[in-house]
Amino acid sequence: MKKVNLFKKGMMLVPALDLKAQYLSIKEEIDRKIFEIVSSQQFILGQEVEEFEKEITNFCETKYAVGVSSGSDALLISLMALGVQEGDIVATTPFTFFATAGTVARLRATPVFCDIDPKTYNLSPEKLEELLKKRRKNNQKSEIKIVIPVHLYGQSSDMSAILSLSEEYEFKVLSDAAQAIGADYPGEERVWRVCSLGKASIISFYPSKNLGAYGDGGMVVTNDSELSEKLKMLRVHGARNKYFYELIGGNFRLDALQAAILRVKLKYLEGWIKARQEKALLYEQMLIHSGLVERELIIPPVSVYKNRGVKNYHTFHQYVIRARERDKLHGFLRQNGIGAEIYYPLPLHLQPCFSYLGYKQGSFPEAEKAAREVLALPIYPELSIVQQEYVISKIIEFYKECCDFI
Ligand SMILES: *Cc1c(COP(=O)(O)O)cnc(C)c1O
């Protein structure tokens with residue numbers, strides 16, 4: 001196998017992720033599969049997609065899975081299937097990828113935001129309850145129809161609190177599990193796959209996600225047979241039988257090539273998640289050892305998750321710290337060949353395109369603070385200990401030089 005080049009001009013390279021290394025580790029299987037599909041010339045839906053959907057229902061512990069063209073389209077088509085239309089209210093977190101709320105607005109429904117829990121970065125159930133109470137008290141005509149919790153960075157949201165609110169206030173829960181395939185959530189009697197909870201969940205197969213395609217792809221999973229039928233119609237323009245349209249849908253199909261590639265990769269996913277968790281634990285140990293934690297940095301409590309007895313409470317799609325002088329640290333790490341990234345630098349309620357919603361600076365202080373402080377360090381299954389040591393050594397060097405640390 002070709003050796004990965006870690007150095008450039010004496011500097012170690014630690015990319016945000018290394019998809020080439022992953023490809024090299026499964027190259028033979030993938031190449032064979034691609035050749036098979038290309039030889040068959042069967043590209044649209046078909047057996048590969050059906051088989052992949054079946055495998056996803058097993059992996060996600062849901063009854064149905066509908067393969068679609070992307071995670072964003074999975075959100076759009078789910079909202080369509082749930083009957084979201086002009087004037088409807090959909091509540092979600094402002095600290096997420098654009099598509100979570102963008103798809104709501106595209107259907108001329110209104111996204112309403114709700115602040116995050118500063119510890120998990122996920123939608124705060126307390127803040128959600130405040131919002132629901134306030135709207136009820138003000139007798140606001142249009143009730144919140146749907147709530148979209150986002151399992152950000154691969155970590156499960158507080159689903160039991162959100163689900164009990166959904167019964168009290170009669171909204172449906174559509175999970176954005178784009179970053180959280182394989183994440184678990186501890187219920188009272190058993191541990192659930194987080195995407196099996198609520199009305200439906202969406203998954204993204206964007207190449208950088210934990211299960212990434214070689215292009216775009218997504219999936220909606222649900223236990224509702226009627227909803228799954230509707231999704232299957234909507235992804236082929238709304239037809240149950242070809243050329244006879246019951247609904248107005250679109251072209252939202254997952255293609256056979258992507259499904260075939262994802263079927264190969266799905267077999268490795270549990271192992272890849274475990275490797276990510278091990279890297280996260282090592283970051284934790286090294287950062288605690290550095291003496292920077294609590295002084296300059298706040299880090300995710302990886303060992304706490306590990307001891308909770310729920311294997312995949314956090315799947316570490318991203319390993320995210322909060323850092324003092326975040327922007328300077330970010331620049332310093334990038335200068336030193338380290339692919340640190342900011343997810344996300346501007347919360348959705350402050351995006352220019354959503355100015356019509358009437359939010360302002362200060363509307364959601366926790367989301368705004370997180371946007372100023374978070375930094376994702378490189379994490380992927382192939383990341384080496386030497387690379388992690390290099391990342392940590394550069395973080396230490398930064399605080400020594402820039403902030404009179406030690
Ligand atoms: C990636 C992502 C999406 C969109 O997925 P695409 O496949 O890129 O369209 C939606 N929500 C979140 C939280 C994501 O991270």
Side-chain angles (χ1 to χ4, degrees), residues 16-17 19 52 56 65-80 90-107 111 113-114 116-117 120-123 146-157 159 162 173-183 194-195 198 200-221 231 235 250-255 257-259 261-262 265 273 276 314-320 341-349 351 353-354 367 370-371 374 376 379-380:
L17 86 169
L19 291 173
F52 179 51
I56 285 288
V66 181
V68 294
S69 31
S70 69
S72 304
D73 284 344
L75 279 163
L76 184 64
I77 197 175
S78 300
L79 293 166
M80 288 165 75
V90 177
T92 191
T93 155
F95 195 56
T96 176
F97 179 63
F98 176 73
T100 314
T103 48
V104 172
R106 272 182 69 184
L107 294 171
F113 296 114
C114 195
I116 56 166
D117 174 340
T120 62
Y121 307 104
N122 284 329
L123 183 69
I146 289 173
V147 171
I148 311 181
V150 180
H151 312 300
L152 201 68
Y153 307 143
Q155 174 175 213
S156 293
S157 299
M159 290 305 281
I162 292 169
V173 175
L174 170 64
S175 263
D176 182 340
Q179 303 183 3
I181 186 168
V194 76
C195 56
S201 297
I202 72 97
I203 300 164
S204 164
F205 304 123
Y206 184 78
S208 68
K209 298 281 157 80
N210 285 13
L211 179 63
Y214 290 178
D216 277 310
M219 188 78 72
V220 186
V221 292
L231 290 162
R235 79 173 163 183
N251 177 353
F252 296 122
R253 298 177 301 237
L254 178 68
D255 71 75
L257 208 45
Q258 298 307 337
I261 289 161
L262 289 162
K265 292 178 78 171
I273 291 171
R276 284 173 177 273
H314 198 320
T315 57
F316 289 100
H317 172 57
Q318 300 295 348
Y319 179 88
V320 175
E341 303 276 357
I342 297 165
Y343 307 111
Y344 298 92
L346 187 64
L348 298 189
H349 67 284
Q351 296 289 346
C353 70
F354 285 140
V374 294
I379 191 161
Y380 46 91

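We count ligands from 1, going down the list as the structure has it; atoms in each ligand are counted the same way. What's counted below: heavy atoms across the whole structure, side chains too, no hydrogens, waters or symmetry copies.
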For this session: Check the angle between the aromatic planes of Phe354 and Phe98 and answer parallel, tilted or perpendicular using the 30° and 60° thresholds.
Result: parallel
Seminar exercise, completed: Given the options Leu123, Leu348, Ile116, Phe95 meets side chain to side chain contact (heavy atoms under 4.5 Å, CB included) only with Ile116
Exercise. Parallel under 30°, tilted from 30 to 60°, perpendicular over 60°: which one fits the rings of Tyr153 and Tyr121?
Worked result: perpendicular
For this session: Starting from atom 12 (C) of ligand 1, locate the nearest protein heavy atom and write down its residue, its atom name and how far away it is, to 0.1 Å.
Result: Ala178 CB, 3.4 Å
Exercise. Closest non-hydrogen protein atom to atom 3 (C) of ligand 1, residue and atom name please, with distance?
Worked result: Phe97 CD2, 3.5 Å
Seminar exercise, completed: Ranked by distance from atom 13 (C) of ligand 1, the top protein heavy atom is Asp176 OD2, 3.5 Å
Exercise. Going by heavy atoms in the side chains, are Thr93 and Asn122 under 4.5 Å from each other?
Worked result: no
Exercise. Short N/O distance, under 3.5 Å, between Gly71 and ligand 1?
Worked result: yes
For this session: Please identify which atoms of ligand 1 are closer than 4.0 Å to at least one heavy atom of Val150.
Result: 13 (C)
Exercise. Can you list the ligand 1 atoms lying under 4.0 Å from a non-hydrogen atom of Tyr206?
Worked result: 7 (O), 8 (O)
Exercise. Ser156 and His151: side-chain donor and acceptor closer than 3.5 Å?
Worked result: no
Problem set entry | Interatomic distance, Arg276 atom CZ to His314 atom NE2 [nearest 0.5 angstrom] | 11.0 Å
Exercise. Among protein heavy atoms, which sits nearest to atom 4 (C) of ligand 1, and what does the distance come to when rounded to 0.1 Å?
Worked result: Ser72 OG, 3.5 Å
Seminar exercise, completed: atom 1 (C) of ligand 1 sits nearest the protein heavy atom Lys209 NZ, 1.5 Å
Exercise. Once you round to the nearest 0.5 Å, how far does CG of Leu174 lie from OG of Ser201?
Worked result: 7.0 Å
Exercise. Is there a nitrogen or oxygen of Gln179 sitting under 3.5 Å from a nitrogen or oxygen of ligand 1?
Worked result: yes
Seminar exercise, completed: Atoms of ligand 1 under 4.0 Å from any heavy atom of Thr96, numbered from 1 in the order shown, are 13 (C)
Problem set entry | Nearest-contact summary for atom 5 (O) of ligand 1 - protein heavy atom, Å | Ser204 OG, 3.2 Å
Exercise. Does atom OH of Tyr206 have more than 12 heavy-atom neighbours from other groups under 6.0 Å away?
Worked result: no
